[in-house]
There are 2 protein chains.
Amino acid sequence: MGRPKQFDPDVAVERAMGVFWRKGYAATTPQDLVDEIGIGKGSLYNAFGSKHALFELALARYRDSQAAWLEALLDHPGSARDRLRGALEALVALDLGDPDRRGCMAVNTAAESAPSDTGTADTVRMMFARTESAFRATVEAGQRAGEIDGGRDAAAVAAWLLATVIGMRVLAKTDRDGTQLRRVVDAAMGAL
Amino acid sequence: MGRPKQFDPDVAVERAMGVFWRKGYAATTPQDLVDEIGIGKGSLYNAFGSKHALFELALARYRDSQAAWLEALLDHPGSARDRLRGALEALVALDLGDPDRRGCMAVNTAAESAPSDTGTADTVRMMFARTESAFRATVEAGQRAGEIDGGRDAAAVAAWLLATVIGMRVLAKTDRDGTQLRRVVDAAMGAL
DNA sequence: CTTGTTTTGTACCTGTGATTCAAAAACATT
DNA sequence: AATGTTTTTGAATCACAGGTACAAAACAAG
């Protein structure tokens with residue numbers, strides 16, 4: 001059945017994800033990719049077809065891992081408010097801990113490519129929808145537990161939390177010391 | 001004093017702003033720019049030096065016009081809450097009214113270029129700071145008027161409003177019918 | 001009307017982006 | 001060992017990005 005691959009495509013997608021994440025789609029060159037992945041151009045195009053196809057794989061992988069990460073965080077034991085605060089603080093720590101300050105790959109992609117690239121826009125929308133759903137479930141749990149005002153529209157609160165998080169992840173790219181981000185978390189939790 | 005320019009540099013910067021705004025920095029070519037501005041390449045490079053220099057001018061123009069627009073909105077008569085809601089709704093209308101769904105050029109730039117391009121990152125930070133200041137002044141006015149809880153940290157609330165707006169402008173690029181955006185406004189005002 | 005200055009249009013150039021191709025290499029099957 | 005299939009390597013391709021060079025053109029000053 002032919003010569004076996006000398007590299008793991010999953011690893012290659014993951015490395016590609018790192019490059020696209022840091023540099024953005026348009027600014028990433030095939031040379032950047034082969035340098036990072038450690039394979040030849042022929043192998044890359046044989047395996048993935050095009051830069052854009054590889055990007056879609058990388059973005060889908062980002063979406064899945066990121067969404068799972070957030071969902072796991074919100075699924076922790078504890079009160080709904082604590083879980084929400086914990087998730088926001090974890091996001092702040094994640095963004096501030098990244099020496100490259102890449103922010104969120106989905107947000108970056110939305111800003112760079114949507115709506116002209118409908119394929120990636122769909123993937124981004126999908127991730128936003130998953131995030132919003134996770135927030136909504138937590139908010140509704142908080143309402144049932146009496147921690148959050150039941151009169152509020154949970155769907156609207158979830159959309160607002162999503163917007164807050166997206167904004168934070170953009171701010172993470174320009175905020176140097178993180179005070180701005182921490183303020184956002186405090187004010188958001190105070191407003192909840 | 002030499003041959004006079006056959007084009008208005010201000011108009012040229014404004015048109016360049018439109019192209020960069022729609023396509024992003026990396027994806028915009030000098031050819032795109034001369035096509036849109038309607039001048040030759042020689043004139044473009046003679047007048048502006050480089051693609052990047054022109055981008056900085058375009059971004060600075062965006063920052064000034066956008067910040068002034070928001071400040072004027074928040075400076076309207078009426079209660080602080082009404083002014084805040086009015087500003088958010090105006091932003092929603094602005095974003096949904098754009099057939100290209102370009103969102104906010106500063107946000108797009110932050111996502112695409114910060115923090116690797118420190119020059120543009122500074123311009124973006126400057127615009128964020130102006131926006132945050134305008135929000136803060138409005139929030140403080142609301143606190144003095146008793147419309148907003150005086151116990152809240154106005155700076156934190158302003159940062160949180162900034163994050164909310166940034167998030168909305170990213171969502172504007174993927175949200176098709178605008179229901180998501182309107183929900184964000186409702187929930188944010190309800191939480192204030 | 002000459003001179004000096006600045007702009008303009010066109011041609012040009014170098015590098016690289018994205019992709020393809022040919023041929024050799026590494027397997028499985030028979 | 002011969003064959004068929006798939007991958008790898010590395011060169012080659014082709015267009016275009018980003019910018020430069022230069023001569024002609026359009027002005028002001030004297």
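Numbered from 1 within each chain, the chains take letters A, B, ... in sequence-line order.
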Legend entry - Sugar-phosphate or base contact per nucleotide [nucleotides 18-30 of chain D; S, B, -; heavy atom under 4.0 Å]: BBB----BBBS--
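- For the contact set between residues 7-19 of chain A and DNA chain C, defined by any heavy atom under 4.0 Å, there are no members.
- The list of ring-ring contact (aromatic ring centres under 6.0 Å, His included) pairs with a residue in residues 172-191 of chain B, not counting sequence neighbours, is empty.
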Using a 3.5 Å cut-off and no angle test, enumerate the donor-acceptor pairs between side-chain atoms of residues 96-106 of chain A and protein atoms at least two apart in sequence or in another chain.
residue  : atom : partner  : partner atom : Å
A/Asp98  : OD1  : A/Asp100 : N            : 2.9
A/Asp98  : OD2  : A/Arg102 : N            : 3.1
A/Asp98  : OD2  : A/Arg102 : NE           : 2.9
A/Arg101 : NH1  : A/Ala172 : O            : 2.9
A/Arg101 : NH1  : A/Asp175 : O            : 2.4
A/Arg101 : NH2  : A/Arg176 : O            : 2.8

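- Contact annotation: A/Ser43 side-chain N/O to D/dT8 OP1/OP2 distance is under 4.0 Å.
- Counting 5' to 3', DNA chain C first comes under 4.0 angstrom of a heavy atom of chain B and last does so at the ends given by C/dG4 to C/dT10.
- By the side chain to side chain contact (heavy atoms under 4.5 Å, CB included) test, A/Asp75 pairs with no residue at all, sequence neighbours left out.
- For B/Asp82, the side chain to side chain contact (heavy atoms under 4.5 Å, CB included) criterion is met by B/Ser79, not counting sequence neighbours.
- For residues 131-172 of chain B, every residue pair satisfying the ring-ring contact (aromatic ring centres under 6.0 Å, His included) rule, not counting sequence neighbours, is listed here: A/Trp160-B/Trp160.
- Applying the salt bridge (Lys or Arg N to Asp or Glu O under 4.0 Å) test to pairs two or more places apart or on separate chains, those with a residue in residues 180-192 of chain A are A/Arg85-A/Asp186.
- Taking the side chain to side chain contact (heavy atoms under 4.5 Å, CB included) definition, one finds that A/Val34 meets it with A/Gln31, A/Lys41, A/Leu44, sequence neighbours left out.
- Nearest heavy-atom pair, B/Gly167 versus A/Ile166, reported as atom, atom and distance to 0.1 Å: CA-CG2, 3.8 Å.
- A/Arg130 pairs by the side chain to side chain contact (heavy atoms under 4.5 Å, CB included) definition with A/Asp64, A/Ala67, A/Glu71, not counting sequence neighbours.
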Pair up each side-chain donor or acceptor in residues 51-61 of chain B with any protein partner under 3.5 Å, not counting sequence neighbours, and list the distances.
residue : atom : partner  : partner atom : Å
B/Lys51 : NZ   : B/Tyr25  : O            : 3.1
B/Lys51 : NZ   : B/Thr28  : O            : 2.8
B/His52 : ND1  : B/Glu56  : OE2          : 3.3
B/His52 : NE2  : B/Asp117 : OD2          : 2.5
B/Arg61 : NH1  : B/Asp10  : O            : 3.4
B/Arg61 : NH1  : B/Glu14  : OE1          : 2.9
B/Arg61 : NH2  : B/Asp10  : OD1          : 3.4

